[in-house]
Amino acid sequence: MQQTGQIFHKALVIGLGLIGGSVLQGIIDNRLAGRLYAVDFDKSVIHHAMADKLIQAGDDELLNLANTGVLTDCDCVIIAVPAFAVKAILEKIKTAIDNQLLPSDVIISDTASTKGNILQDAFAIFGELPPNLVLAHPIAGAEKSGFVARNGALFKSHKLIICPHDFNDKQAVDKIATLWQSLGASVDFMPSDKHDEILALTSHLPHLLSYALTYQLATDEENLNIFKYAGGGFRDFSRISASSPIMWHDIFLANKQAVLQGLEDYQAILNQLKADIENDNSEKLLETFEIAKNAREYFGRLLVEKEKLKNL
């Protein structure tokens, strides 16, 4: 059930891209925090957020903001940056805590689509897995990116996966779950390794294949003619290869083992399809295509139900 009302006294959002900006806007729209602060490497984004009175203060450097003293009683930090950038942010959070610029029990959460690497980084930085570190991943996005594309309703009726670790503080986990429910998300819980395995197949591998096909056509000598005559199938499949190269570079390397396993399994299927075509094995081809068609129709029904929920 969606929750309403203030959850945090002071919240800090680090990274004001589409996801971080939408979290910020959703917190504002639903009045979930008393005061809001932000950090983004692009100072113009911070100026924009402050000019529109979306935040009370912000900076392009976390420790600069912390040194002003405004975060000494901050009770939540949401990290919304590419996967490989999370480690540097955690190091700065540790420095701020050590210097009493952030409370030692501040709830730290994230939005990254890989989790195993963040757990490893957190253990290396803090010497343990902090009980107040709650890993989360919203399964949501949009074609447009950046702070200007933010949407406070972006997460409505979308899945949000929380990956608790063995030493998590239950109250911290509950608060992050309540935050996302208040933004309209449906919260599920899953171990970090299972999360990375599933997302490798349902999100990371499709993006990698889209990049590969688009790259293949773009590097063909006849690419101008090829793109001119490309139909709806290519348009739909290649859409996701317009996503941020930096973000996906980080994701593929951060979730390396699960992505490689997914590629290996996919290659085996491609080899089988190639053999079936070479050997005119029409029965096997039809069987494969029927299974895929039925699975896609089932997924389509789930998407329709999700749209109905979003419009309620």
Legend entry - More than 12 heavy atoms of other groups within 6.0 Å of I246 CD1: no
Inset, instruction - Return yes if some donor-acceptor pair links the side-chain N/O of T214 with the main-chain N/O of S210 below 3.5 Å, else return no. - result: yes
Inset, instruction - Flag this pair as yes if the NZ/CZ of R150 is under 6.0 angstrom from the six-membered ring centre of F147 and inside a 45 degree cone about the axis; otherwise no. - result: yes
Inset, instruction - With the side chain counted from C-beta on, respond yes when I107 and K175 share a heavy-atom pair under 4.5 Å apart, and no when they do not. - result: yes
Inset, instruction - Any chance you could measure L16, atom CG, to I55, atom CD1, to the nearest 0.5 Å? - result: 7.0 Å
Legend entry - Separation of M190 CE from K159 NZ (nearest 0.5 Å): 9.0 Å
Legend entry - D196 side-chain N/O to T114 backbone N/O, donor-acceptor pair under 3.5 Å: no
Inset, instruction - Please tell me if the side chains of V23 and W180 come closer than 4.5 Å, counting only heavy atoms from C-beta onward. - result: yes
Inset, instruction - Check whether any side-chain N or O of N168 sits under 3.5 Å from a backbone N or O of K170 as a donor-acceptor pair, and report yes or no. - result: no
Legend entry - Greater than 12 external heavy atoms within 6.0 Å of K256's NZ: no
Legend entry - L183 side, atom CG; Q25 side, atom CD - distance, nearest 0.5 Å: 11.0 Å
Inset, instruction - Rounded to the nearest 0.5 Å, what's the gap from NE2 on H207 to OG on S244? Could you check? - result: 10.0 Å
Legend entry - Nearest atoms (heavy-atom pairs only) where S22 meets L154: OG-CD2, 3.5 Å
Inset, instruction - Could you tell me whether a side-chain N or O of N132 sits under 3.5 Å from a main-chain N or O of V106, the two making a donor and an acceptor? - result: yes
Inset, instruction - May I ask you to decide if P130's main-chain N or O and E128's side chain share a donor-acceptor pair within less than 3.5 Å? - result: no
Inset, instruction - Evaluate the criterion salt bridge (Lys or Arg N to Asp or Glu O under 4.0 Å) for residue pair K94 and E91; output intermediate values, then yes/no. - result: CA-CA 5 Å; K94 174 70 161 55; E91 288 173 340; over 6 Å; no
Legend entry - Residues D265 and Q261: side-chain donor-acceptor under 3.5 angstrom: yes
Legend entry - Backbone N/O of Y215 and side chain of T219: donor-acceptor pair under 3.5 Å: yes
Legend entry - Exercise: do Y298 and R296 side chains pair donor with acceptor under 3.5 Å: no
Legend entry - Cationic N near anionic O, under 4.0 Å, D110 to K115: yes
Inset, instruction - Please check if the side chain of S241 supplies one atom and the backbone of Y211 the other of a donor-acceptor pair under 3.5 Å. - result: no
Legend entry - Note: K293-E297 ion pair, threshold 4.0 Å (strictly below): yes
Inset, instruction - Evaluate whether atom CD of Q272 has more than 12 neighbouring non-hydrogen atoms of other residues, nucleotides or ligands under 6.0 angstrom away. - result: yes
Legend entry - Pairwise distance CG(L208) to CG(L263) - rounded to 0.5 angstrom: 5.0 Å
Legend entry - Donor-acceptor contact present, side-chain D75 to main-chain H9, <3.5 Å: yes
Inset, instruction - Ignoring hydrogens and angles, tell me if any N or O in the side chain of D59 forms a donor-acceptor pair with the backbone of N64 under 3.5 Å. - result: no
Legend entry - I79 and its side-chain contact (heavy atoms from CB on, under 4.5 Å) partner, picked from L12, V39, L90, T111: L90
Legend entry - From Y266 atom OH to N271 atom CG, the distance as rounded to the nearest 0.5 Å: 11.0 Å
Inset, instruction - Of all the heavy-atom pairs spanning F237 and L213, show the shortest one and how long it is. - result: CD2-CD2, 3.5 Å
Legend entry - F167, CZ atom: more than 12 neighbouring heavy atoms under 6.0 Å: no
Legend entry - Flag, side chain of N255 to backbone of I251, donor-acceptor distance under 3.5 Å: no
Legend entry - 4.5 Å side-chain heavy-atom contact, I28 and L54: yes
